[in-house]
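Chain letters run A, B, ... following the sequence lines, proteins first and then strands; every chain starts at 1. On a predicted model such as this, the values are computed, not experimentally measured, just so you know.
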Amino acid sequence: MSPIDPSIGPDRAREVFRAELAEVRTDAELQALRTRWVGRKGSWVAAFMEALATATPEQKKPVGRGANELKKEVEAAIAERETALASTKRPPNAVDITLPGRTPVLGHRHPLSLIRDEVIEIFTRLGYQVLEGPEVEDDYHNFEALNMPAEHPARDMQDTLYLTRPMPAFAPDGASAGQARRSHAPQPRTLLRTHTSAMQIRHMEKHDPPVRLVAIGPVYRRDNLDLTHTPMFHQVEGLVVGKGITLADLKGTLTAMAEALFPSTRAEGARSGQAADFIRFRPSFFPYTEPSAEVDIRCIKCKGSGCAMCKKTGWIEILGSGMVHPAVFEAVGYDADEVTGFAFGMGVERVALLKWGVEDIRLFYENDLRFLEQFGL
Amino acid sequence: MKVLLSWIREFVDVKESAEDIGKLMSVRGLALEGLEVIRPALSERSESKGDDVVMDFDVTANRPDCLSMIGIAREIATAYRLPIADTGQVARDFSSAIDPSAPAIPVTINDPELCGRYVAAVADVTVAPSPQWLQDRLTACGIRPISNIVDITNYVLLELGQPMHAFDLDKLAGPAIIVRRARAGESLKTLDGKMRALTPDMLVIADAERAQAIGGVLGGADSEVSSSTKRIVFEAAWFKPSSVRATSKKLGLKTEASTRFERGMDQTAPARAMARACDLLEQINAGQSDGRTVDVYPQAHVPNQVKLERRRVPGLLGMDVPDAEVERILASLGFTTAPHKGVPYDGWLVTAPGWRVDIHRPVDVIEEVGRHYGFEHLPTTFPGVQQAPAPSDPRIARDRRTRNAALGMGFSEAITFAFIDTAAAEPFLPSTTLGAGSGGEPVGLANPLSEKFAVMRPSLLPGLIDAVSHNRRHGRRDVRLFEIGTRFSPAGESRGIGLAWTGLATADHWSGARRDVDFSDIKGVVEQLAASAAVAPAFTETTATYLVPGRAAHIVVNGRVVGTFGQLESAAGERRDLPSGDAVCVAEIDLDALTAESPTDTLRAATLPKYPAVVRDVSILVDDALSAETVRGTIRSAAPATLIQVREFDRYQGKGIPDGKVSLSFRLTFQSVERTLTDEEVQADMQTILDALTRDLGAIQR
Ligand SMILES: [Zn+2]
């Protein structure tokens with residue numbers, strides 16, 4: 001930096017100082033600026049005062065005042081900047097808090113497991129017991145007791161996977177209440193259960209009504225892998241049996257479940273003032289229920305206006321349900337004149353597909369961390 | 001079932017658009033699968049000249065009657081409260097034409113159980129293409145037009161649901177029709193040109209010499225109606241559902257006829273269908289029947305009757321349906337209802353029409369009432385609770401606790417298919433791990449989808465290894481996965497947790513050292529999982545073909561092996577496309593076995609100690625073949641009860657340590673619940689311990 005020519009006078013000097021101050025970024029630069037302008041030796045002020053000493057008395061007074069004013073101004077400006085710089089100064093040993101943290105590794109939940117727990121939580125809240133059952137079943141529990149005797153056409157609806165060699169039958173239970181009711185001999189287990197309904201039978205064989213349960217777990221069908229099918233998938237099965245259980249009870253229960261599982265779609269219905277349009281019950285057919293109903297919710301994608309996903313109907317099917325068929329009660333020794341009941345079965349994958357907009361069901365079984373890590377804990 | 005709106009409107013005067021009809025019928029039990037608008041030329045025969053629409057309804061398996069125009073029309077009429085024009089086209093009464101003494105063709109039913117009715121009519125015909133309107137209707141409904149005679153049988157099938165067949169009369173030996181079981185070794189060339197081997201459980205329609213059709217499934221090629229055919233026999237019959245189903249399944253042959261017969265057809269329909277076919281014959285100038293019809297009907301149909309108690313309707317549905325509505329709905333669907341008062345029940349005696357093969361019980365009738373009254377009118381109520389709910393399966397809470405522990409240790413949850421390929425299962429079978437003759441064959445599938453899904457997994461590890469491999473091949477170096485699921489063996493099922501870990505063991509951070517996973521990491525995970533079940537396991541060395549020798553251990557609780565862990569043998573990984581050189585550590589614990597060994601409800605909170613603990617470190621040189629467990633054991637047996645913890649904190653070999661030796665450092669913590677321990681007594685205890693280490697293990701204090 002060149003020395004300052006004292007002859008430029010206070011006014012020009014003020015301009016030069018201001019320009020130089022504006023360039024100052026660090027404390028060191030500021031100290032250098034101080035020395036250069038107001039230091040004891042070699043500074044602009046010192047040089048000016050020296051020059052002033054040889055001036056005539058009538059020149060001295062106004063110029064001297066101007067120089068003193070500038071000196072004060074320079075000192076004040078430097079002090080102000082000093083304070084400003086000090087306030088941005090970081091403490092010694094400060095860390096860069098924008099560097100990434102040392103992250104403990106946390107695992108991610110599988111989306112199907114999240115839905116499963118959500119369903120368990122809903123039904124626990126509604127006072128249900130949650131059960132699991134064997135995945136290898138006998139023909140009796142998977143089909144016959146559910147009103148699907150051999151050669152029943154409905155067996156085609158669920159193409160079954162069979163074992164090469166049967167697994168042993170479950171040992172008959174001790175002298176439980178249900179034992180006397182059981183009308184069939186224990187069978188070897190020959191197939192992979194095609195639905196969790198098999199669990200209903202096992203439970204009712206052993207327990208008198210009232211029954212209030214959900215069963216949950218994997219089921220198996222001989223379906224080829226594609227966008228919407230896998231040969232193994234998961235089901236939630238509900239069963240309520242007691243005096244005076246009605247189809248309206250089923251409607252209330254499933255509406256509550258659907259609202260809890262699909263809160264955003266539900267809220268959409270409420271905003272449009274058509275909350276009742278959120279869910280609908282369509283008569284259908286299942287061998288083990290009569291009447292039977294399939295349950296649709298408003299299409300998640302188009303909110304009901306019709307799109308490719310809902311085949312332009314505005315509705316998406318989420319589950320099958322109905323009133324337990326009297327033949328099922330007869331199979332487990334319940335008195336169909338005394339009790340009624342409802343049952344429903346829902347695909348966990350289907351709920352997850354709809355809820356999170358997953359486009360390929362196979363993703364659930366690839367276990368690609370890029371997929372899994374999108375879901376919470 | 002594809003139906004044509006113009007055709008439906010011949011039976012029911014429904015004014016609404018196809019879209020509106022589809023919407024309403026979807027909530028009345030006929031889900032609309034598709035709509036297709038087609039050109040006006042099709043509807044020239046009907047009143048309306050506008051566009052026609054093909055509506056594709058999803059007909060459930062219990063409603064074969066709806067596999068017809070009349071069936072769908074009846075549902076629509078009921079839904080829209082409209083009358084159904086059921087008579088005009090099908091009212092021809094031909095009972096007077098039946099003359100048993102001079103039958104048009106002799107018909108014999110040898111097996112009346114399998115064929116409950118056989119109606120036949122003979123006609124002179126001129127075979128030619130059908131008129132365009134008839135061809136268009138068949139085409140619209142998905143059936144290819146063939147010739148006027150065959151088209152008539154298909155037209156009646158679509159309109160009334162009754163399958164029909166036409167034989168070339170001049171090609172039938174006799175001529176005669178004999179309905180019988182196939183003879184052993186008999187075969188028949190069917191209309192599709194294939195030779196079919198028949199078995200005696202199959203029902204055939206034969207002439208005097210041989211089979212000419214498979215009853216209810218498909219006709220034979222030899223008696224097929226051709227352009228040179230002059231005389232035909234029309235068949236309209238009733239076949240037993242289970243028999244048609246078994247035959248169709250055995251032959252792998254599904255036809256429009258078999259689909260209907262196997263679900264159950266109306267025994268009262270064949271005569272009406274025959275009348276309709278003969279009418280059409282004249283109407284389209286295809287020929288003329290001689291007016292004589294044969295109707296062999298050994299056992300007249302007995303209609304299904306159901307006693308419907310009035311109180312059962314709201315009792316099952318949870319909504320009230322007015323009596324008038326109950327009666328209207330049932331009448332519109334073709335049921336007859338006779339009110340029944342007082343004893344033994346208050347309600348209706350309901351008689352089902354012949355086409356309703358699905359009506360057996362009161363609930364079947366209540367469903368009809370409910371669905372046509374409308375499920376949208378159902379209130380939403382909740383089942384009452386009479387008693388506290390029974391406890392849930394304890395595995396649910398256990399698995400949740402185990403899952404949370406694994407998640408907390410950085411493992412993400414996987415779900416893999418329970419069926420795997422045979423080669424993937426092999427290293428994990430008991431016969432492999434415990435030696436031949438242990439009876440550990442895999443649980444195989446008789447009809448697997450593919451070789452990839454041939455056996456049920458004996459272990460969770462093959463699926464997890466494949467999942468790790470998938471992630472490695474997709475650019476992920478660090479993978480931690482676990483799965484809680486079922487394993488299968490010929491003895492049964494068990495629930496386990498499997499874990500697989502590859503890549504970094506440490507946090508991936510700019511500041512620190514990185515270290516890949518090793519045996520100790522997976523052992524730590526196993527220990528924590530055991531701790532989450534309140535179990536402190538022992539570990540024993542083991543070998544397994546899929547684990548690196550010397551880096552494989554069993555988890556033992558109360559003398560019982562509950563799991564295995566170690567480092568995956570690289571060949572085992574490479575076989576599943578894992579890059580070689582990756583260390584993968586795996587563990588599997590039988591949760592059912594672990595639960596059985598874990599204490600239940602025995603936890604009692606301990607009082608916190610009042611007196612300070614004294615900590616002493618000791619370093620010793622011992623033979624490096626000695627296990628830490630042995631050294632720890634010696635320390636414990638020599639120490640007083642005030643020794644509350646022994647912890648290895650260093651293990652060193654190398655510079656300054658003689659070959660074959662290892663330097664071990666232990667931190668010992670002493671504490672008494674009764675008093676403050678003095679320096680002197682701890683010093684004395686330490687000396688006793690050192691003496692024991694020197695005496696028993698030849699240790700040298702460093
Ligand atoms: Zn949509």
Review point. B/N447 versus chain A, heavy atoms under 4.5 Å apart: side chain, backbone, both or neither?
Key: both
Review point. Relative to chain A, which of B/P394, B/A467, B/P379 shows the most heavy atom pairs under 4.5 Å?
Key: B/P379
Point to revise | Whether A/E317 side chain and A/E294 backbone form a donor-acceptor pair below 3.5 Å | key: no
Exercise for review: Go through B/E367, B/R476, B/R403, B/R395 and name the one with the most non-hydrogen pairs under 4.5 angstrom from chain A.
Suggested key: B/E367
Revision key, fill the gap. Looking only at B/A414, B/S450, B/A507, the option with the highest number of non-hydrogen pairs under 4.5 Å against chain A is B/A414
Review point. Non-hydrogen atoms of chain A under 4.5 Å away: do they reach the side chain of B/T506, the backbone, both or neither?
Key: neither
Point to revise | Leading residue by heavy atom contact count with chain A [cutoff under 4.5 Å; candidates B/Q386, B/Q387, B/E376, B/E483] | key: B/Q387
Point to revise | A/R212 versus chain B, the contacting section by heavy-atom distance below 4.5 Å | key: side chain
Point to revise | Under 4.5 Å from a heavy atom of chain A, the part of B/F417 involved | key: both
Point to revise | SB check B/R400 A/E121 (cutoff 4.0 Å) | key: no
Review point. Given that the side chain runs from C-beta out, which part of B/F419 has a heavy atom under 4.5 Å from chain A: side chain, backbone, both or neither?
Key: side chain
Check your understanding: Are the charged groups of B/E262 and B/K249 less than 4.0 angstrom apart, N to O?
Key -> no
Review point. Hey, mind stepping through A/Q374 and A/H108 against side-chain hydrogen bond (donor to acceptor under 3.5 Å, both in side chains) and telling me if it holds?
Key: CA-CA 8 Å; A/Q374 297 175 45; A/H108 292 260; over 6 Å; no
Check your understanding: Has the side chain of A/R189 got a donor or acceptor atom that lies under 3.5 Å from a matching backbone atom of A/V136?
Key -> yes
Revision key, fill the gap. Greatest number of non-hydrogen atom pairs under 4.5 angstrom with chain A, of B/P383, B/P389, B/G370, falls to B/P383
Check your understanding: Got a salt bridge between B/D592 and B/R495, using NZ or NE/NH1/NH2 to carboxylate O under 4.0 Å?
Key -> no
**Study point:** chain A contact via B/M409 - which portion, at a heavy-atom distance below 4.5 Å
**Key:** backbone
Review point. Is any NZ, NE, NH1 or NH2 atom of the basic residue among B/R361 and A/E330 found under 4.0 Å from an Asp or Glu carboxylate oxygen of the other?
Key: yes
**Study point:** Exam field: side chain B/D466 to backbone B/G463, donor-acceptor pair closer than 3.5 Å
**Key:** no
**Study point:** Which portion of A/F281 sits near chain B, non-hydrogen atoms under 4.5 angstrom
**Key:** both
